[in-house]
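Okay, so here's the structure we're looking at.
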Amino acid sequence: MKTTTIRRRCVKCSGWFVPDPRVGDRQVTCGATECQGARHADRCRDWHVHNAEAKASHYQDVVVPLRRAQPDYQSRWRWSRRLREIREQTGLLGGRVLASLQALVSRAGQLAGRARGIVQTGVLAGEMLERAVTAVSSMIAAVEQLQASTAELRELGL
Ligand SMILES: [Zn+2]
């Protein structure tokens with residue numbers, strides 16, 4: 001078998017390249033993204049020039065029947081997109097808040113241990129500190145539930 005390497009000039013940058021054997025004669029650009037993108041844009045432009053009537057009737061031929069077949073498609077798509085935005089925001093917020101709350105609870109545990117038997121006024125101490133820690137623990141549980149629900153939505157692609 002003859003193994004000559006066929007080289008060709010790129011129609012975009014004029015650089016030499018070796019065509020992919022799977023593409024063969026059809027390959028006219030080198031591997032550079034800019035050249036492939038420019039060639040693709042040329043082909044799209046040609047298609048639109050030679051298929052003006054297809055473009056003109058696209059709305060009637062494709063969009064109208066699709067909307068008729070799935071009347072709620074657009075509403076559901078918008079609903080999903082809005083949910084995804086909220087999920088992204090809550091995911092970011094939840095992560096930040098959770099870390100802060102966990103740090104607070106950890107610190108409160110240390111403070112409560114040291115404050116035993118000492119009368120303190122003007123700051124959270126004793127039972128009030130314990131109640132505050134309980135409330136923060138509830139907040140942590142709620143945020144963890146929020147994180148779990150957010151993860152579930154992400155799994156659903158939302
Ligand atoms: Zn090129």
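Both counts, for ligands and for their atoms, begin at 1 and track the order of listing. Positions are given from 1 along the sequence.
Contact check for C10 versus V28: no side-chain heavy atoms found under the 4.5 Å cut-off.
Counting non-hydrogen atoms of neighbouring residues, nucleotides and ligands closer than 6.0 angstrom, the CH2 atom of W47 exceeds 12 such neighbours. Surrounding CZ of R131 are at most 12 heavy atoms belonging to other residues, nucleotides or ligands under 6.0 Å away.
Here R43 does not pair with D46 in a salt bridge; the nearest charged N to carboxylate O distance is not below 4.0 Å.
Inspection of the E53 and S57 side chains reveals no N or O donor paired with an N or O acceptor under 3.5 Å.
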Can you give me every donor-acceptor pair (side chain of residues 150-158, partner residue at least two apart or in another chain, under 3.5 Å) with its distance?
residue: T150; atom: OG1; partner: L146; partner atom: O; Å: 2.7

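Around the Zn ion (ligand 1), the protein atoms of type N, O or S found under 2.8 Å away are C10 SG, C13 SG, C30 SG, C35 SG, listed by chain and number.
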